[in-house]
Amino acid sequence: MPALVLLGAQWGDEGKGKATDLLGGSVDYVVRYQGGNNAGHTVVVGDQKYALHLLPSGILSPGCTPVIGNGVVVDPSVLFSELSGLNERGVDTSKLLISGNAHIITPYNVTVDKVTERFLGKRKIGTTGRGIGPTYADKINRVGIRVQDLYDESILTQKVEAALDVKNQMLTKFYNRRAIATDQVVGELLGYADKLAPYVTDTVLVLNQALEQDKVVLFEGGQGTLLDIDHGTYPFVTSSNPTAGGACTGAGVGPTKITRVIGILKAYTTRVGAGPFPTELFDEDGEALRRIGGERGVTTGRDRRCGWFDAVIARYATRVNGLTDFFLTKLDVLTGWEQIPVCVAYEIDGKRVEELPYSQTDFHHAKPVYEMLPGWSEDITGAKSFSDLPKNAQAYVKALEEMSGAPISAIGVGPGRDETIQINSFL
Ligand code: GDP
Ligand code: IMO
Ligand code: MG
């Protein structure tokens, strides 16, 4: 019963989509367990490029059943536009399963996300504006709308009314916006019910039965470890748990079932939105990483902030996720630098610190301590095995592995499925 968790080890956009797609051909189920359409996963198959937001990346593998777990927040309008976009390109999406317990991103959640960010001004989080935070807030406040609510009009109306009672006070009296009418929201949500029905099921039962039958299940995280609501750089985080434990709660599978936890790790670092980032570059090296790495958000089109590899963060990801493997991505982007700085520790108030400080004040003051590693100039995009890599690229990978605390079992040398060096099998 192999059950693999695949998650981001940094601040998101590490290449989870490509890694999931690569494994998609050998797994039976790919499950999203948290987040929603704040994610942007680019998958390149041959000459085709797909941008996925809400759907699991396994949807592109014909033998694989894609699952949206109970921990995900679902915007039905986005779901259907993503499905029809794939259908138009000949992708069969009929196997998709959606948990009846997943929460729905309602139009008022999107409005609240936008007005809150605007109100925060300079202090804003830089959210994707997709209603993610407010939907999870409603879930925890016990005023959320779940997929299954679409099948009982009276319950749905009561719940929308309860949610809007408070929100309309806030929208009209505080934010100076128009009130949102219950019947309009209920009407829109009911409009999705029939179309959604064929996909809705008890995904917890399906997944546990699959594991009992020795099927291979892959849990695909959105975002990344440092964006985790509990373990990330709070408050500059997303509102769910991308870390490994989130796979258990967000899919209804016990921790004893998980056999492998794979951290996707970029060979340098990026982040989108606000918040601390010790190795961030504001010079031409940062510009070059952004240009060569194509570091522009798939969801919001924002430029990603870029910086050198941070081993303190990688070690932290190993610890909080119990990582068994790393998948190092985008090594090819580093080709051409004579020397590559790698952050091995921080200096905080004059002291050297080896591990991520738990205090946000300390983290905001952390200055990277760099070690210089020799670079390489040879094109590595065609490398098929570790020994095909130039000696300095091999040494870079080995140094990162040593510092990060888990074996690097695969290396990405380009965006395509086949531009991967597999060192240890994941299955
Ligand atoms: P995700 O959110 O973690 O799925 O990552 P994104 O898709 O947002 O960003 C990763 C980007 O890097 C995508 O454009 C991928 O096609 C691309 N990518 C993934 N792996 C590699 C790699 O090894 N080399 C290069 N050059 N690009 C890669
Ligand atoms: P993938 O899955 C990078 C960031 C936003 C913002 C913060 C909160 O493609 O790696 P939210 O809309 O979630 O409330 O925004 O989290 N963020 C991401 N950054 N990759 C993502 O997803 C992200 N999803 C959210 O930029 O800083
Ligand atoms: Mg992304």
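Since we're looking at a predicted model, the values are computed, not measured. The basis for the numbers below is simple: all heavy atoms, side chains too, and nothing from hydrogens, waters or symmetry mates. We number each residue from 1, following the sequence as shown. When a ligand or atom number is given, it counts from 1 through the structure's own listing order.
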For this session: For Trp337 and Asp285, run side-chain hydrogen bond (donor to acceptor under 3.5 Å, both in side chains): C-alpha distance rounded to whole Å, both residues' side-chain angles, the deciding distance at 0.1 Å, then the answer.
Result: CA-CA 9 Å; Trp337 266 275; Asp285 281 332; 2.8 Å; yes
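- The shortest distance between side-chain heavy atoms of Val217 and Leu4 does not fall below 4.5 Å.
- Looking only at protein heavy atoms, the nearest one to atom 25 (C) of ligand 2 is Gln223 CG, 3.7 Å.
- The distance from the Mg ion (ligand 3) to the nearest N/O/S atom of Gly40 is under 2.8 Å.
- Closest to atom 3 (C) of ligand 2, if we only count protein heavy atoms, is Asp13 OD2, 3.2 Å.
- Across Val344, Val342, Val312, a single residue satisfies side chain to side chain contact (heavy atoms under 4.5 Å, CB included) together with Val369, and that is Val344.
- Proximity to Val237 (heavy-atom distance under 4.0 Å) selects the following atoms of ligand 2: 7 (C), 8 (C).
- The nearest heavy-atom contact from the protein to atom 27 (O) of ligand 2 is Val272 O, 3.1 Å.
- The protein non-hydrogen atom at the shortest distance from atom 22 (C) of ligand 1 is Gly414 O, 3.2 Å.
- Counting just the N/O/S atoms of Asp13, the one with the shortest distance to the Mg ion (ligand 3) is named OD1.
- For atom 14 (O) of ligand 2, the choice among Thr270, Thr127, Thr300 with the nearest heavy atom turns out to be Thr127.
- The distance from ligand 1 to the heavy atoms of Lys18 drops below 4.0 Å at these ligand atoms: 19 (C), 20 (N).
- Contact annotation: for Lys330 versus ligand 1, heavy atoms closer than 4.0 Å belong to both the backbone and the side chain.
- For the residue pair Asn109 and Thr106, a side-chain donor N or O sits within less than 3.5 Å of a side-chain acceptor on the partner.
- Between Asp310 and Lys266 there is no salt bridge, since no side-chain nitrogen of the basic residue lies less than 4.0 Å from a carboxylate oxygen of the acidic one.
- Every atom of ligand 1 with a heavy atom of His41 under 4.0 Å away is listed here by number and element: 1 (P), 2 (O), 4 (O), 7 (O).
- Atoms of ligand 2 lying under 4.0 Å from any heavy atom of Trp11, numbered from 1 in the order shown and given with element: 3 (C), 19 (N).
- Atom 13 (C) of ligand 1 has as its closest protein heavy atom Thr42 CB, 3.5 Å.
- Of all the atoms in ligand 2, the ones that sit under 4.0 Å from a non-hydrogen atom of Gly222 are 2 (O).
- For the residue pair His41 / Glu220, a side-chain donor-acceptor distance below 3.5 Å is found, with atom types taken as modelled.
- Looking at Leu227 against ligand 2, only its side chain comes within 4.0 Å, counting heavy atoms.
- Looking from atom 2 (O) of ligand 1 to the surrounding protein, the closest heavy atom is Gly40 O, 2.8 Å.
- No part of Asp113 comes within 4.0 Å of ligand 2, judged by heavy-atom distances.
- A side-chain donor-acceptor contact under 3.5 Å links Ser387 and Ser385.
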For this session: I would like to know whether Phe174 and Phe119 meet ring-ring contact (aromatic ring centres under 6.0 Å, His included); could you show each step before the answer?
Result: CA-CA 10 Å; Phe174 188 68; Phe119 180 74; 5.1 Å; yes
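- Nearest non-hydrogen protein atom to atom 13 (O) of ligand 2 is Thr238 OG1, 2.6 Å.
- Looking at Thr335 and Trp376, their side chains do bring a donor and an acceptor atom within 3.5 Å of each other.
- Interface atoms of ligand 1 facing Val298, defined by a heavy-atom separation under 4.0 Å, are 8 (O).
- Distances below 4.0 Å separate heavy atoms of Gly126 from the following atoms of ligand 2: 5 (C), 6 (C), 26 (O), 27 (O).
- Near Gly12, the atoms of ligand 2 lying under 4.0 angstrom from a non-hydrogen atom of the residue are 10 (O), 20 (N).
- Near Ala39, with a cut-off below 4.0 Å to any heavy atom, the atoms of ligand 2 are 1 (P), 2 (O), 9 (O), 22 (O).
- Considering every non-hydrogen atom in both Leu334 and Tyr268, the closest pair reads CD2-CD2, 4.1 Å.
- By the 3.5 Å distance cut-off applied to N or O atoms, Val333 is not counted among the residues near ligand 1.
- Of the N and O atoms on the side chains of Thr225 and Gln10, not one donor lies less than 3.5 Å from an acceptor on the other residue.
- Residue Lys16 has at least one heavy-atom neighbour below 4.0 Å for each of these atoms of ligand 2: 1 (P), 2 (O), 10 (O).
- Among all non-hydrogen protein atoms, the one lying nearest atom 1 (P) of ligand 1 is Lys16 N, 3.5 Å.
- Judged purely by atom type and a 3.5 angstrom limit, Tyr29 has no side-chain atom pairing as donor or acceptor with the backbone of Gly58.
- For Arg304, every heavy-atom contact with ligand 1 shorter than 4.0 Å involves the side chain, none the backbone.
- The minimum heavy-atom distance between Arg271 and Phe236, with the atom names listed, is NH2-O, 2.8 Å.
- What sits closest to atom 10 (C) of ligand 1 on the protein, heavy atoms only, is Asp13 O, 3.8 Å.
- Regarding atom 26 (O) of ligand 2, its nearest protein heavy-atom neighbour is Arg302 NH2, 3.0 Å.
- Under the 3.5 Å distance criterion, with hydrogens and angles disregarded, a donor-acceptor pair is assigned to the side chains of Asp75 and Ser77.
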Problem set entry | Evaluation steps, side-chain hydrogen bond (donor to acceptor under 3.5 Å, both in side chains), between Thr128 and Arg130 | CA-CA 5 Å; Thr128 58; Arg130 303 300 195 260; 5.1 Å; no
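- For the pair Gly17 and ligand 1, the shortest N or O to N or O distance falls below 3.5 Å.
- Contact check on Arg315 versus Glu355 returns a salt bridge, with a Lys/Arg side-chain nitrogen under 4.0 Å from an Asp/Glu carboxylate oxygen.
- With hydrogens left out, the protein atom closest to atom 24 (N) of ligand 1 is Asp332 OD1, 2.8 Å, a heavy atom.
- Shortest contact from atom 12 (O) of ligand 2 to any protein heavy atom: Thr128 OG1, 2.6 Å.
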For this session: Walk me through it: do Asp138 and Lys167 pass the test salt bridge (charged side-chain N to carboxylate O under 4.0 Å, His left out)?
Result: CA-CA 11 Å; Asp138 278 3; Lys167 284 184 187 66; 2.9 Å; yes
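- The atoms of ligand 2 that sit less than 4.0 Å from any heavy atom of Ile125 are 27 (O).
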